[in-house]
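Values in this document were obtained by computation on a predicted structure and should not be read as measured data. First the proteins, then the strands, lettered A, B, ... as listed; each starts at 1.
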Protein chains: 4
Amino acid sequence: MGRRGTAVGTVGTPGTKSRGGHKRMPRAVREQQMLDAAVTGFARHGYQAASMDDIAEAAGVSKPLVYLYLKSKEELFTACIRRERAALVEAVRAGTRERGTSADQQLWDGLCAFFAHTAASPDGWTVLHRARTQGEPFASEVAAMRVEITELVRSLLGQAAQDAGCDGDLAEREVSGLAHALVGAAESLAEWANARTDDAPTAKETAATLMNFCWAGLENLMKGSRWTPGPRAR
Amino acid sequence: MGRRGTAVGTVGTPGTKSRGGHKRMPRAVREQQMLDAAVTGFARHGYQAASMDDIAEAAGVSKPLVYLYLKSKEELFTACIRRERAALVEAVRAGTRERGTSADQQLWDGLCAFFAHTAASPDGWTVLHRARTQGEPFASEVAAMRVEITELVRSLLGQAAQDAGCDGDLAEREVSGLAHALVGAAESLAEWANARTDDAPTAKETAATLMNFCWAGLENLMKGSRWTPGPRAR
Amino acid sequence: MGRRGTAVGTVGTPGTKSRGGHKRMPRAVREQQMLDAAVTGFARHGYQAASMDDIAEAAGVSKPLVYLYLKSKEELFTACIRRERAALVEAVRAGTRERGTSADQQLWDGLCAFFAHTAASPDGWTVLHRARTQGEPFASEVAAMRVEITELVRSLLGQAAQDAGCDGDLAEREVSGLAHALVGAAESLAEWANARTDDAPTAKETAATLMNFCWAGLENLMKGSRWTPGPRAR
Amino acid sequence: MGRRGTAVGTVGTPGTKSRGGHKRMPRAVREQQMLDAAVTGFARHGYQAASMDDIAEAAGVSKPLVYLYLKSKEELFTACIRRERAALVEAVRAGTRERGTSADQQLWDGLCAFFAHTAASPDGWTVLHRARTQGEPFASEVAAMRVEITELVRSLLGQAAQDAGCDGDLAEREVSGLAHALVGAAESLAEWANARTDDAPTAKETAATLMNFCWAGLENLMKGSRWTPGPRAR
DNA sequence: GATGAATGAGCCTTCATTCAT
DNA sequence: AATGAATGAAGGCTCATTCAT
């Protein structure tokens, strides 16, 4: 599933594994195999519970080789995060690439790309999601990704606001809050969608739900109209 | 043998910790102290990385006592989750107690209570948040809480839909998705708000941001009006 | 990190143990060293009281290596039992191998082999002896050995009975009881003989004592003659 | 079973246990209750595995009281051994008390008493049996009992030898060996008999088996006749 | 006479990491 | 390029034992 075939244990020429003959392979390939195994392992068990032994075995190599290429568990995990982060951001960027469309269309395209990617690569997504709660330095790495995405959203909202003739009414901090709300809602929906093994909604359905959820509100804000608590508010 | 210190290097700085000897205290009190220390520890390092040694020391007691009262690391963590879950749900429920107001007022009240509680008890919130990714049986415990809250939201939305004269148009699954989006957005905002050490928004400000974000959309849906991708959507 | 000793108070007398660094050795050899150390440790302190720390140290390796090769304390103990059991049974079998001699000669040969082996490998014998009272799954393992040996004795007695023309007079249960009595007597004598540090009887002397003790009775039984309590027996 | 009712947990007035009211009882009685619980616990789990917590709970008292009366786990176990030892030896002595009968009758009486006692008090017997393999100082205690019993047997054999007109032919050491063989056979049979939950032989049947096993040989020895290996003996 | 509260010490086990080949 | 052999450091858990009431 995930990506790039993570066949457990036997790589290349299956059945050869014993008898001293270790397949010589170019470094780059081996590294990707290791990262594949690591992503699966970390997704399945979390950072702490995943063991280097298991990862090495799943990658079909010996532990010293993992250390030779990736230095330490921490760096291995960081490498996983970085690879998956790049893949996700690239996917979303690719979805939004077409300029010249309206703001809601752009947002919709981005969300579709996001949900499609997380559905296609659930282990990668799980790693990113879990990494947020694994303390430093992993949280920063994911936070950086969040900023990247949030930036995308913010520029989109800001531009849309300008187009709508609403200049500067939205405070910097409010936009930031809205972007976080949007990202959080998207993450939560992605998890919810992935968890449904049967009857899973398509990426587009999920994206539509989210657009329905938030677009009207965002549009209002850009027009300067806002919700306020009724007079009874204590 | 009590104290007398046999271990070389452990003595030396007496007076550190809570004044040497072991204070006698009723069990209930000690248990709360332990839970306090545990919540802090688990929030800071996560379930796996937090060590029972550290928690015991932070609680000002010896490890065996922790085990005597709370049986195991797993049960200790579960106890933390349960305590914080109960506190959070109770806080939200208390905020929503007043009946007879409109749906948006009720949602607003609930969100205010939620953001106020997570801001007041950030470690408790972090524990709940992190527990979701720590595997069984913790995930279930938190999932149950999420269901509790989601249920609240769903009944609110459902009732509002009826009031708005829209009967049954919203599919079961769509409502579920919306509730998840709302909860995810709230969680994300809570984290964002708590992370700002200076210039932190108040609970009401955060709640207002979220209401602005989503209420218009929800209202539309209840009236049967929805967002759809433009004609160009591939 | 190798050695460098961080623990305060552990350094000081270098050269103790097998000369500092870790000698590389093939797995099979190391495993035997571990089993040797374990047999000694378990014989000396019993299963529960023997500590893996001590066993590892006595074997000249670190604890993790013991776990790497032998999985757990339970499996280590089981491995000891199995090794010693095989050695003992093989020794007795080898002693009885020559066929064609009379029953008493065969029994005598087996006993000589038994006492010679237990004298030559007292720790191994102690492990087997103690294992019987260490609960499952160890008791079964030793029980199986006892059955093996008891079977030997029973077939010998049965055959001798046939040769003596006594067919079937000895009830199944009585033969079983006799075999247990014989084995118990042998075990007790082995312990007694081993305990005498000076003036220890040779294996043959001990075997002779036992033959004197029981052979006449067994012979009588095979002839159908038995001891009965006098008329006064209440 | 065992003896003196070891009702688990509730003593005296059942149901009262909570509510502060701890039955005041004379020390001697409490001590016996503790010993009862301890004998059961040690028999069931062995010295190391039996925990003071469990014993105290089974005795229906708190741990400090056990320590107040019996000082330590070691002394508690020793006390158990001593009590059971005294009971067993007394039982055997009582069986042999009648003088004036022939040597085989006396031995028969003693064996009957032995098997009857071990069958009636299996936990007590198990404790004695297991204590032999629990290292010092317990082994000595049991060894002392063995000496006591072996002495009995020796004096019986010695006297019988004199009656049979065989003066001094039996070396000191040989008699000692024979006595050990007899005791070992008896122990093994006791265990074998107790292990059969159904179809268990009576004490007299077991005693008869043992008499058949050994009496002829002993009688021969007292007459100066012995078994010797055939000419082929290497 | 009796106990609830508390602890020092140690044990089994596992893990990330390295050295020598 | 790749690995079998090996270990320091810690972590979860339990136990015998003792104060203070």
Side-chain angles (χ1 to χ4, degrees), chain A residues 20-27 30 48-56 61-69 71-74 76, chain B residues 1-7 10 21-27 30 48-54 56 61-69 71-74 76, chain C residues 1-7 10 21-27 30 48-54 56 61-69 71-74 76, chain D residues 20-27 30 48-56 61-69 71-74 76:
Chain A
H22 37 247
K23 263 275 165 235
R24 296 283 176 104
M25 306 191 65
R27 171 159 183 160
R30 271 276 141 94
Q48 304 264 0
S51 90
M52 293 297 272
D53 276 87
D54 294 351
I55 291 172
V61 296
S62 71
K63 249 188 312 176
L65 199 57
V66 178
Y67 278 88
L68 186 61
Y69 285 176
K71 295 320 193 201
S72 73
K73 195 186 191 185
E74 199 172 307
L76 172 58
Chain B
M1 228 159 263
R3 200 121 279 256
R4 253 180 296 152
T6 336
T10 310
H22 47 246
K23 275 277 176 219
R24 287 300 197 82
M25 308 191 59
R27 174 170 178 151
R30 269 280 137 91
Q48 306 257 8
S51 91
M52 294 297 272
D53 280 83
D54 293 351
V61 296
S62 68
K63 236 189 320 176
L65 201 56
V66 179
Y67 278 91
L68 187 61
Y69 287 174
K71 258 55 176 169
S72 71
K73 195 184 192 184
E74 194 172 312
L76 173 57
Chain C
M1 227 158 267
R3 200 121 279 256
R4 255 177 297 153
T6 336
T10 309
H22 47 247
K23 274 280 175 217
R24 289 297 199 83
M25 306 191 62
R27 174 169 180 153
R30 269 281 137 91
Q48 306 256 9
S51 91
M52 293 297 272
D53 280 82
D54 294 351
V61 296
S62 69
K63 239 189 318 176
L65 201 56
V66 178
Y67 278 90
L68 187 61
Y69 287 175
K71 258 53 176 172
S72 73
K73 196 185 191 183
E74 195 171 311
L76 173 58
Chain D
H22 37 246
K23 265 273 167 237
R24 296 281 177 104
M25 307 189 64
R27 170 159 181 159
R30 270 275 141 93
Q48 304 265 2
S51 90
M52 293 298 271
D53 277 87
D54 294 351
I55 291 173
V61 296
S62 71
K63 249 188 311 175
L65 200 57
V66 178
Y67 279 88
L68 186 62
Y69 286 177
K71 294 325 194 197
S72 73
K73 194 185 192 186
E74 198 172 308
L76 173 57

*Interatomic distance, D/R30 atom CZ to D/L68 atom CG [nearest 0.5 angstrom]*: 12.0 Å

*Take atom OH of B/Y69 and atom P of F/dT14, then tell me their distance rounded to the nearest Å.*
17 Å

*asked:* So if I take every side-chain heavy atom of D/P64 and compare against E/dT3, E/dT14, E/dT7, which nucleotide ends up nearest?
replied: E/dT3

*If you find the nucleotide of DNA chain F closest to D/K71 and the one closest to A/L68, which residue's nucleotide is nearer the 5' end?*
A/L68

*Nearest to the side chain of B/S51 - F/dA9, F/dA16, F/dG11?*
F/dG11

_For the CE atom of B/M52 and the CG atom of B/L76, what is their distance to the nearest 0.5 Å?_
5.0 Å

*Return the value, rounded to whole Å, for the distance between atom CG of C/D53 and atom C1' of F/dA9.*
13 Å

_Restricting to salt bridge (Lys or Arg N to Asp or Glu O under 4.0 Å), what partner residues turn up for C/K63, sequence neighbours left out?_
C/D53

*Within this structure, what is the CE-to-P distance between C/M52 and E/dT13, rounded to whole angstrom?*
6 Å

*Assign A/A56 to base, sugar-phosphate, or nothing according to its heavy-atom contacts below 4.0 angstrom with the strands shown.*
nothing

*Quick one: D/Q48 CD to F/dA16 P, roughly how many Å, whole number?*
9 Å

*State whether B/Y67 places a side-chain N or O below 4.0 Å from either non-bridging phosphate oxygen (OP1 or OP2) of F/dC13.*
yes

*Search all heavy atoms of B/A56 against all heavy atoms of B/S62 and return the closest pair with its distance.*
CB-C, 4.0 Å

*Roughly how many Å is it from CD in A/E74 to C1' in E/dT17, rounded to a whole number?*
14 Å

*asked:* Distance check needed: E/dA16 P versus A/I55 CD1, whole Å only.
replied: 8 Å

_Counting only side-chain nitrogens and oxygens, does D/R30 get under 4.0 Å of the OP1 or OP2 atom of E/dG1?_
no

*Side-chain N or O of B/R27 less than 4.0 angstrom from OP1 or OP2 on E/dA6?*
no

*side chain to side chain contact (heavy atoms under 4.5 Å, CB included) partners of A/E74, counting only residues at least two apart*: A/Y47, A/S72, A/P137, A/F138

_Pairs counted only when both distances fall under 3.5 Å, Watson-Crick or G-U: show me the 5' to 3' dot-bracket for DNA chain F, [ ] for pseudoknotted crossings and | for other-strand partners._
.||||||||||||||||||||

_Pairwise distance OH(D/Y67) to NZ(D/K73) - rounded to 0.5 angstrom_ = 8.0 Å

_Rounded to whole Å, how long is the line connecting atom CG of C/L65 with atom P of E/dC19?_
17 Å

*Hey, which of these two, C/K73 or A/K63, hits DNA chain E nearer its 5' end, going by closest nucleotide?*
C/K73

*asked:* Mind checking if D/A49 touches a base, just sugar-phosphate, or nothing, with heavy atoms under 4.0 Å?
replied: nothing

*Rounded distance in Å - CG (B/D54) to P (F/dA9)*: 17 Å

